[in-house]
Every structure is written in C-alpha cells, then in structure tokens.
Amino acid sequence: MPLQLPQVNLKARDEVALGRFWAGALGWEMDSEAPGVTNLTPAGFPWPDPSAVCIDLVRVPDPETVRYRVHLDLATTSAEHQAELVARLTELGATPADIGQGDVPWTVMADPEGNVFCVLEPREIYRDTGPIAAVVVDCADPGAMAGFWGEALDWTVHEVTGDHARLRSSQGVGPYLELIRVSGEPEVWHRFHLDVLPDPADDKPAQVARLQELGARFADVGQGEVSWTVMADIEGNEFCVLGRSTS
C-alpha cells in the first residue's frame, strides 16, 4: 500500500477537553504521545490499520486562523440510535449548528470548540464503518480530487458524480473518504486536516515525490523544522505526510 490514512488532525485550544468530548462521542480511548497532543483510538486498536481513521488533537494558540475544508460524518444504525447519539452529544457539550442545510434527515452539530460535524440518519452503506461514517472534504471538482486521492492512497473509488465522490480502503473496511462539491469559499471553519503515512516509513521520500507527480505541492503553514512534510493537494488543501524527515 503506497500510503495509509491513519488519522485526521484536529487543531484545538484545549486538546485535552476537546479530546474528552470526541472520545465520549466515539466511544474511543485517549492517550498522549507528547505534550500538547491527545490521541484518540478505538480500544485495543493496532495503529495504523485501515479499519479506522483515528484522531490526533494538537494544541495551537489560535486555531481560528486556520481553515480546513474537512469534517466528520458520524454513523447511526437506527432512528432511535440517531436520537440517542444526538442527545448524548448534547450532554457532552455539542450544540445544534445551522450552515444553511434546511430540512434534511441528518443532524448538523458543532463540538465545544465550534467544529461542525454531522450525525447521519441510518444508511445501509455505513453499516460497517464504525462510529465515523466518512471523512468529508469540501472541494470544487470531486472527480479530479477522487483521481488524486484514489492514486495517493490506492483506495477504491466507489462513486463519482458532478457533485460527489466516494472512496474507501481497497480492503473494504473503515470509513469512507467523501469529496463534496461546494461553490465559493466555505462559510464554516473546520480545523481538521488529513495525515497520511508511508508504508514503510522509510519510503517517505519516494512517496513525497510520487505525490508531487500526482499534483501535490509543498506547503508552509509555519511548521518549522519537523519530521513530517506538509503538502497541499490539487485544490490547495493542506495535509501532512508522516514519517522520518526527508533531509
């Protein structure tokens, strides 16, 4: 597998408090690999594994200055489960959110730091994804983005229309990566971005070069000297390539 999608990265003012919210929301465990970082994984999870996309929360002083076009869709198994999950999320500190969605069967909410996510009505396609149904990326051209990310991750493209594209691990497990067409600048702040991991980690220089050939470019978000490489996809969305330094 050229690259894995082991986690999404979420910027937070208080990574521990926000980590508690998302751990409670997903039923996952909390850990910390370093000061200012909270890691969320399913219990007993053998990271990295395609059966789940985990969450790393990283403390930053002013996360509002960073805009990412990524959010999470949460899966439910029945109307009762959806109602119960919305109620539990509310108790944990989530609030209803209005992003102009109108009358839809899913529920749009915001976590305690204002990050928008959706609690989906039960859908057969998400019956085996785990608590996260999909990692959703807003974009201008879902087809082109599906081509880029399908090649980058070696994921299977399940559907492409003018407004939407859906990909999933070639092993048929874990959440989907969904690309949704939006017009103009997004009106909602999202502080998520994708982290990808070469397999093995020593293959990072070759994978970075391959991503460049696919249309990605290096990006500077003020990261300084770090072991990961910050890049941007073909529509300018930043993501990180984890692993050893290429220097």
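Below, all heavy atoms of this structure are taken into account, side chains as well, without hydrogens, waters or symmetry copies. Remember, it's a predicted structure, so these values are computed and weren't measured experimentally.
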Check: Side chains of V8 and V135: does their closest heavy-atom pair fall under 4.5 Å?
Finding: yes
Check: Does a side chain donor of either S51 or D49 reach within less than 3.5 Å of an acceptor in the other side chain?
Finding: yes
Item checked: L242 versus K204, closest heavy-atom pair with distance -> O-CD, 3.7 Å
Checklist line | F21 side, atom CZ; E91 side, atom CD - distance, nearest 0.5 Å | finding: 11.5 Å
Next item on the list: Find the distance between CZ (R123) and CH2 (W106) and round it off to the nearest 0.5 Å.
Entry: 6.0 Å
Notebook entry, point to check: With a cut-off of 6.0 Å (strictly less than), are more than 12 heavy atoms of other residues, nucleotides or ligands near CD of E235?
Noted result: yes
Checklist line | Nearest atoms (heavy-atom pairs only) where V173 meets S169 | finding: O-CB, 3.6 Å
Check: Is any side-chain heavy atom of H158 less than 4.5 Å from a side-chain heavy atom of I125?
Finding: no
Next item on the list: Would you mind reporting whether R13 and R191 have side-chain heavy atoms less than 4.5 Å apart?
Entry: yes
Notebook entry, point to check: Roughly how far, to the nearest 0.5 Å, is CD of Q82 from CG of L120?
Noted result: 8.0 Å
Notebook entry, point to check: Same cluster or not: are V37 and L57 linked, directly or through other Ile, Leu, Val, Met, Phe, Trp or Tyr residues, by side-chain heavy atoms under 4.5 angstrom apart?
Noted result: no
Notebook entry, point to check: Where do A52 and P175 come nearest, in terms of heavy atoms and distance?
Noted result: CA-CD, 4.1 Å
Notebook entry, point to check: Is there a side-chain contact between L194 and L5 (heavy atoms, below 4.5 Å)?
Noted result: yes
Note to self: Under the ring pair (Phe, Tyr, Trp, His ring centres under 6.0 Å) definition, can you give me all pairs with a residue in residues 128-150, not counting sequence neighbours?
What the structure shows: W149-F239
Margin query: Ignoring hydrogens, what is the shortest heavy-atom contact between E238 and A219? Give both atom names and the distance.
Written below: CG-CB, 4.1 Å
Next item on the list: State plainly whether one hydrophobic cluster holds both W155 and L214, where clusters connect Ile, Leu, Val, Met, Phe, Trp and Tyr through side-chain heavy atoms under 4.5 angstrom apart.
Entry: yes
Notebook entry, point to check: Rounded to the nearest 0.5 Å, what separation is found between the CG atom of L74 and the CZ atom of F117?
Noted result: 6.0 Å
Checklist line | R168/D128 ion pair, N-O < 4.0 Å | finding: yes
Notebook entry, point to check: At their closest point, which heavy atom of A23 faces which heavy atom of L40, and how far apart are they?
Noted result: N-CD1, 3.9 Å
Next item on the list: With the side chain counted from C-beta on, respond yes when P112 and L18 share a heavy-atom pair under 4.5 Å apart, and no when they do not.
Entry: yes
Notebook entry, point to check: How far does CG of D138 sit from CG of L179, to the nearest 0.5 angstrom?
Noted result: 9.5 Å
Next item on the list: Side-chain contact test, heavy atoms from C-beta onward, threshold under 4.5 Å: evaluate it for L211 versus T229 and give yes or no.
Entry: no
Check: Considering all heavy atoms of both residues, which atom of R210 and which atom of A152 are nearest to each other, and what is their separation?
Finding: NH2-O, 2.8 Å
Next item on the list: Is it possible for you to say whether F192 and V136 belong to one hydrophobic cluster, with membership spreading through side-chain heavy-atom contacts below 4.5 Å?
Entry: no
Check: Is it true that V16 and W28 fall in one hydrophobic cluster, defined by side-chain heavy atoms closer than 4.5 Å?
Finding: yes
Next item on the list: For the residue pair T76 and P122, establish whether any side-chain heavy-atom pair is separated by less than 4.5 Å.
Entry: yes
Check: Does the pair R127/E124 count as a salt bridge with the N-to-O cut at 4.0 Å?
Finding: yes
Margin query: Any heavy-atom pair between the side chains of I234 and M145 that's under 4.5 Å?
Written below: yes
Next item on the list: Show your working on side chain to side chain contact (heavy atoms under 4.5 Å, CB included) between F218 and Q212 and close with a plain yes or no.
Entry: CA-CA 8 Å; F218 293 113; Q212 289 181 280; 3.3 Å; yes
Next item on the list: Show the numbers, then the answer: is there a side chain to side chain contact (heavy atoms under 4.5 Å, CB included) between H71 and V116?
Entry: CA-CA 7 Å; H71 73 267; V116 172; 5.6 Å; no
Margin query: Count I, L, V, M, F, W, Y as connected when their side-chain heavy atoms are under 4.5 Å apart, and connections chain through other members. Are V104 and I180 then in the same cluster?
Written below: no
Note to self: Quick check against the 3.5 Å criterion: does R88 have a side-chain atom that pairs as donor or acceptor with the backbone of G24?
What the structure shows: yes
Item checked: For W47, all residues meeting side-chain hydrogen bond (donor to acceptor under 3.5 Å, both in side chains), sequence neighbours excluded -> Q7
Note to self: Rounded to the nearest 0.5 Å, what separates atom CG in L10 from atom CG in D195?
What the structure shows: 11.0 Å
Item checked: M109 and its side chain to side chain contact (heavy atoms under 4.5 Å, CB included) partner, picked from T95, N115, V86 -> V86
